[in-house]
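A quick write-up on the structure given underneath.
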Amino acid sequence: MCRNYSDCERNQKKKWKGFQSNYTWAAGFIIVLLVLITLCVCITVLTKRKTNPPDDIEFEVPSYNFSFLTRAQWNARPPIETTRLSTPVPYVVIHHSYQPPACNNTNQCILAMRSMQNYHMDVQRWWDIGYNFAIGGNEAYEGRGWNNLGAHALHFNSVSIGICLIGDWSFSLPTAEDLLIAQQLIDAGVALGYVSPDYKLIGHRQVRETECPGNALFKEIQNWAHYSPFPSTHEDLLQVKELSKSVKEVLRKKAMKVNETDSVQNAQDIQKH
Ligand SMILES: [Zn+2]
């Protein structure tokens with residue numbers, strides 16, 4: 001109720017001011033609420049991203065039923081470059097390192113892995129340690145792994161995984177445990193889909209003029225499942241059906257060149273690893 005016009009005007013102004021102040025409070029409250037909701041959504045999305053990495057095999061760490069050291073665990077240098085290996089591969093190639101000699105415990109084997117990587121990268125000028133995996137001291141070590149093309153068997157890397165048993169196995173054998181780990185690693189490769197279930201197992205000397213993997217180890221692997229006597233020497237490579245046309249072209253050109261040079265010189269160059 002108002003007694004006169006000016007009273008009424010005063011009352012209406014008071015009401016309007018009250019309405020204005022309530023409105024400001026409500027708007028402020030809504031803004032704060034919206035900010036809080038946005039923050040919650042952001043935190044949820046970021047946490048989810050951290051706990052659920054993209055569905056890519058690179059992020060899956062396979063578990064093995066033997067001791068396995070990843071590149072990070074042996075303090076590997078990062079590769080200069082990598083090339084994706086087409087899997088499952090039809091071949092597994094067994095090597096020995098010749099040098100460094102056999103290692104008996106984790107510390108020794110880590111040093112062996114690092115010296116091989118340094119030699120391959122700094123002297124051979126390869127992108128990384130050449131082997132896909134190495135084994136020593138009753139443990140397996142990740143080299144280039146399952147997904148990356150190796151540099152362990154010239155002209156044969158694109159169709160194989162290379163496994164090196166650290167040491168010189170010309171006259172003696174690695175430990176029974178190391179030999180078992182090599183076979184379990186191959187079985188894991190088959191189970192994970194990186195190695196063909198009907199893969200062929202060979203020694204390095206079957207695809208290159210080399211003494212690798214040493215006479216004793218070469219004799220041993222001939223008793224393993226999937227051992228294949230073919231190819232028997234690098235001269236059989238042109239008959240390997242899994243090798244690409246481009247690799248065979250390189251092999252043909254190389255064969256022509258070798259025939260033109262002194263073969264005695266080549267015989268002197270037989271490598272050890
Ligand atoms: Zn070799």
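Whatever order the structure lists ligands and atoms in, that order sets their numbers, starting from 1. What you see is a predicted model, and the numbers here were worked out from it, not measured in a lab. Heavy atoms only: backbone and side chains are in, while hydrogens, waters and symmetry mates are out.
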*For the residue pair Tyr194 and Trp146, does the interplanar ring angle fall in the parallel (under 30°), tilted (30 to 60°) or perpendicular (over 60°) class?*
parallel
*asked:* Can you classify the ring geometry of His120 versus Trp126 as parallel (below 30°), tilted (30 to 60°) or perpendicular (above 60°)?
replied: tilted
[X] N/O/S atom closer than 2.8 Å to the Zn ion (ligand 1):
X: His204; result: yes
X: His95; result: yes
X: Cys164; result: no

*Between His95, His273, His204, which is the residue that forms a ring pair (Phe, Tyr, Trp, His ring centres under 6.0 Å) with His152?*
His95
*Any idea which heavy atoms bring Ser158 and Leu243 closest together, and the distance?*
OG-CD2, 4.4 Å
